[in-house]
**Student:** 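Right, I'll just put the structure down here and ask away after.
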Amino acid sequence: MGGGGGGGAEEEELTAQETALYDRQIRVWGVDAQKRLSKAHVLVCGVNGTTIEFCKNIVLAGVGSLSLMDDHIVTEDDLNSNFLIPHDESVYGGKSRAEVCCESLKDFNPMVRVAVAKGDPSLIDGTFIDRFDIIVLSRASLKTKLFINDNCRKRSKHIAFYSVDCKDSCGEIFVDLQNHSYLQKPGGEPEQQELKYPSLQEAISVPWKDLSKKTTKLYYAMRVLESYESSEGRDPGETSLSDLPAVLALRKDMCDRMSLDESRIPTSLLERLLAAGKKEHPPVCAILGGILGQEVIKSISCKGDPIKNFFYYDAADGKGAMEDTPPTPED
């Protein structure tokens with residue numbers, strides 16, 4: 001089963017208007033990829049600086065439809081990283097993040113259907129999920145991520161699942177394409193490739209001692225942080241430096257249980273993540289949103305090597321890292 005696009009996408013031709021508008025990108029990824037893209041339906045749960053960068057990218061690329069789910073009323077804090085919210089309270093006052101950003105995104109590409117989907121991501125049911133080919137989740141609790149990822153896997157149609165989070169200067173993307181077929185061009189003729197993805201539950205359940213010694217410190221730090229937020233009943237990002245002693249105690253406990261040296265999760269990194277809270281660093285939002293947009297287009301078009309299955313970025317060293325957990329078993 002391939003990753004992405006709606007059924008029957010290849011049979012329907014692009015209109016003359018679409019062909020003219022998307023001429024430059026059709027030259028890059030081909031008319032079939034553009035047709036798949038124009039029939040794909042995307043749901044984004046959690047509207048923030050990172051997901052808005054992603055939304056901008058796929059709207060400009062010509063996705064079929066985009067639905068935004070975030071009922072939180074816009075506050076001044078949202079203005080710091082979300083460039084689509086105007087700095088004018090008479091415009092955003094009393095409106096939800098999804099409502100304000102929906103109107104702005106429509107202006108980017110009138111050919112893409114952009115709509116608000118009211119509701120709570122933690123209560124989404126399978127019938128609702130069936131309307132989409134791609135689901136992107138951001139700033140959601142681990143419980144909600146696992147719930148939606150599991151629901152995507154239970155559906156009879158193929159639904160790609162992504163989660164993305166930016167904590168100031170650090171970012172994480174998780175990808176689950178289930179069973180994904182795609183074309184790879186290693187040097188000449190295209191070759192069909194097959195990838196089998198683990199669920200989020202499977203990916204974070206791998207014993208740390210079984211992971212590569214090169215696994216990025218951010219992978220471990222994010223697991224400690226989400227475990228702390230879950231155990232304390234906190235919303236994502238509801239942290240501060242005052243939580244450090246308790247988080248360090250949890251790090252010790254998890255490292256002891258997982259046979260990992262505590263030095264693999266530097267205290268300085270945990271301090272940065274705790275101090276970040278819900279703050280996003282706009283340049284990092286742009287990087288994560290750009291990479292996620294590229295990955296979703298690869299998934300829908302079934303062309304190019306996708307991320308499997310985590311991606312990390314840290315502005316402190318300017319490096320990105322891809323982590324495959326659990327490691328792909330040898331044939």
Side-chain angles (χ1 to χ4, degrees), residues 4-6 14-15 17-18 20-22 24-25 34 36-121 124 128 131-140 160 162-166 171 173 280 282-301:
L14 294 173
T15 65
Q17 190 180 3
E18 287 174 319
L21 181 62
Y22 304 128
R24 289 179 69 181
Q25 58 203 47
Q34 191 64 46
R36 286 174 183 260
L37 197 58
S38 69
K39 301 298 180 289
H41 304 292
V42 178
L43 171 67
V44 171
C45 301
V47 176
N48 51 48
T50 303
T51 52
I52 279 306
E53 290 281 357
F54 162 73
C55 290
K56 173 202 69 178
N57 292 332
I58 60 163
V59 166
L60 289 173
V63 73
S65 74
L66 170 65
S67 297
L68 304 176
M69 180 177 283
D70 193 327
D71 293 345
H72 291 90
I73 300 300
V74 173
T75 66
E76 277 194 34
D77 288 342
D78 293 312
L79 308 180
N80 296 326
S81 59
N82 191 330
F83 70 90
L84 280 189
I85 300 177
H87 288 230
D88 182 350
E89 196 171 352
S90 67
V91 176
Y92 71 75
K95 293 182 180 177
S96 72
R97 294 171 186 156
E99 287 170 332
V100 175
C101 294
C102 177
E103 292 310 307
S104 300
L105 282 166
K106 287 176 180 178
D107 295 335
F108 277 84
N109 188 347
M111 297 185 71
V112 174
R113 298 185 302 282
V114 185
V116 172
K118 290 185 180 293
D120 181 345
I124 285 176
F128 179 76
R131 292 164 48 186
F132 304 97
D133 305 293
I134 307 278
I135 293 183
V136 174
L137 202 55
S138 186
R139 207 176 283 171
Y162 298 82
S163 71
V164 60
D165 285 294
C166 177
I173 295 174
E280 296 177 291
V284 178
C285 293
I287 290 168
L288 293 172
I291 289 169
L292 184 57
Q294 178 180 300
E295 287 304 308
V296 166
I297 289 170
K298 281 195 278 186
S299 162
I300 294 169
S301 66

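Values below: all heavy atoms of this structure, side chains included; hydrogens, waters and symmetry mates excluded. All values reported here derive from a predicted model rather than from experimental measurement.
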**Student:** Listed by chain and number, what are the side chain to side chain donor-acceptor pair (under 3.5 Å) partners of Tyr92, not counting sequence neighbours?
**Tutor:**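 For Tyr92, no residue satisfies side chain to side chain donor-acceptor pair (under 3.5 Å) once neighbours in sequence are set aside.
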
**Student:** Not counting sequence neighbours, which residues clear ring pair (Phe, Tyr, Trp, His ring centres under 6.0 Å) with Phe132? List them please.
**Tutor:**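 Counting only residues at least two positions away or on another chain, Phe132 forms a ring pair (Phe, Tyr, Trp, His ring centres under 6.0 Å) with Phe128.
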
**Student:** Determine whether a donor-acceptor pair (N or O, by modelled atom type, separation under 3.5 Å) exists between the side chain of Ser301 and the backbone of Ile297.
**Tutor:** yes

**Student:** Quick check: do Ser96 and His72 have side-chain heavy atoms less than 4.5 Å from each other?
**Tutor:** no

**Student:** With side chains defined as the heavy atoms from C-beta onward, is the minimum distance between Phe54 and Ile58 less than 4.5 Å?
**Tutor:**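 In contact.
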
**Student:** Mind checking side-chain contact (heavy atoms from CB on, under 4.5 Å) for Ser138 and listing every partner two or more places apart, or none if nothing turns up?
**Tutor:** Asn48, Thr51, Val164, Asp165

**Student:** With sequence neighbours left out, write down each residue that passes side-chain contact (heavy atoms from CB on, under 4.5 Å) with Glu103, or none if nothing qualifies.
**Tutor:** Lys106

**Student:** Using a 4.5 Å cut-off on heavy atoms from C-beta on, say whether the side chain of Leu14 contacts that of Gln34.
**Tutor:**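 Yes, close enough: below the 4.5 Å cut-off.
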
**Student:** Just to verify, what does Gln294 make a side chain to side chain donor-acceptor pair (under 3.5 Å) with, not counting sequence neighbours?
**Tutor:** none

**Student:** Kindly determine whether Leu68 and Leu105 satisfy side chain to side chain contact (heavy atoms under 4.5 Å, CB included), including the steps that lead there.
**Tutor:** CA-CA 10 Å; Leu68 304 176; Leu105 282 166; 3.9 Å; yes

**Student:** With sequence neighbours left out, what residues match Lys118 under salt bridge (charged side-chain N to carboxylate O under 4.0 Å, His left out)?
**Tutor:** Glu99

**Student:** If the condition is side-chain contact (heavy atoms from CB on, under 4.5 Å), which residues does Ser104 pass it with, not counting sequence neighbours?
**Tutor:** Leu84

**Student:** Side chain to side chain donor-acceptor pair (under 3.5 Å) with Asp107: which residues, sequence neighbours excluded?
**Tutor:**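 Scan of Asp107 (side chain to side chain donor-acceptor pair (under 3.5 Å), adjacent residues dropped) gives none.
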
**Student:** Considering only residues two or more places apart or on different chains, which pairs with a residue in residues 77-88 satisfy salt bridge (charged side-chain N to carboxylate O under 4.0 Å, His left out)?
**Tutor:**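 Sorted result for residues 77-88: Asp78-Arg97.
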
**Student:** Does the side chain of Ile85 reach to within under 4.5 Å of the side chain of Cys101, using non-hydrogen atoms?
**Tutor:** yes

**Student:** For residues Ile52 and Val47, determine if any side-chain heavy atom of one lies less than 4.5 Å from a side-chain heavy atom of the other.
**Tutor:**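 SC-SC contact between Ile52 and Val47 confirmed.
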
**Student:** Taking the side chain from Gln17 and the backbone from Met111, do they hold a donor-acceptor pair closer than 3.5 Å?
**Tutor:**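 Checking the backbone N and O of Met111 against the side chain of Gln17, no donor-acceptor pair under 3.5 Å is found.
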
**Student:** Going by side chain to side chain donor-acceptor pair (under 3.5 Å), name the residues that satisfy it together with Ser67, two or more places apart in sequence or in a different chain.
**Tutor:** none

**Student:** With a 3.5 Å distance limit and no angle check, can you tell me whether Asn109 reaches the backbone of Val59 through a side-chain donor-acceptor pair?
**Tutor:**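 Yes; at least one donor-acceptor contact below 3.5 Å.
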
**Student:** Which distance, rounded to the nearest 0.5 Å, do you find between the OH of Tyr162 and the CG of Leu292?
**Tutor:** 7.0 Å

**Student:** Looking only at heavy atoms, which two atoms of Val114 and Cys102 are closest? And how far apart?
**Tutor:** O-SG, 3.5 Å

**Student:** For Ser299 and Ile134, which heavy atoms make the closest approach, and how far apart are they?
**Tutor:**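 Smallest interatomic distance, heavy atoms only, reads OG-CD1, 4.0 Å.
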
**Student:** So, taking the atom named CD in Glu76 and the one named CG in Leu79, what distance separates them when rounded to the nearest 0.5 Å?
**Tutor:** 6.5 Å

**Student:** Testing the basics here: between Pro121 and Gly119, what is the closest heavy-atom pair and its distance to 0.1 Å?
**Tutor:**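 Scanning both residues completely, I find the closest heavy atoms to be CD-O, 3.9 Å.
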
**Student:** Taking the side chain as every heavy atom from C-beta outward, state whether Cys55 and Leu66 have any pair of such atoms under 4.5 Å apart.
**Tutor:** yes

**Student:** A side-chain contact here means heavy atoms from C-beta on lying under 4.5 Å apart; do Asp133 and Ile300 qualify?
**Tutor:**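 No, every pair of side-chain atoms sits at 4.5 Å or beyond.
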
**Student:** What's the shortest heavy-atom distance between Val116 and Ala98, and which atoms?
**Tutor:**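 Looks like CG2-O, 3.7 Å.
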
**Student:** I need the minimum non-hydrogen distance between Ile124 and Cys45, along with the two atoms involved.
**Tutor:** CD1-SG, 4.0 Å

**Student:** Taking all atoms of both residues into account, what is the closest heavy-atom pair of Glu280 and Cys285, and its distance?
**Tutor:**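 Closest approach of Glu280 to Cys285: CB-SG, 3.5 Å.
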
**Student:** Please collect all salt bridge (charged side-chain N to carboxylate O under 4.0 Å, His left out) contacts where either partner lies in residues 43-65, sequence neighbours excluded, each pair once.
**Tutor:** Glu53-Lys56

**Student:** Would Leu43 and Val136 count as a side chain to side chain contact (heavy atoms under 4.5 Å, CB included) here? Give the steps.
**Tutor:** CA-CA 6 Å; Leu43 171 67; Val136 174; over 6 Å; no

**Student:** Just to verify, what does Asn57 make a side-chain contact (heavy atoms from CB on, under 4.5 Å) with, not counting sequence neighbours?
**Tutor:**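 Asn57: no side-chain contact (heavy atoms from CB on, under 4.5 Å) contacts found.
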
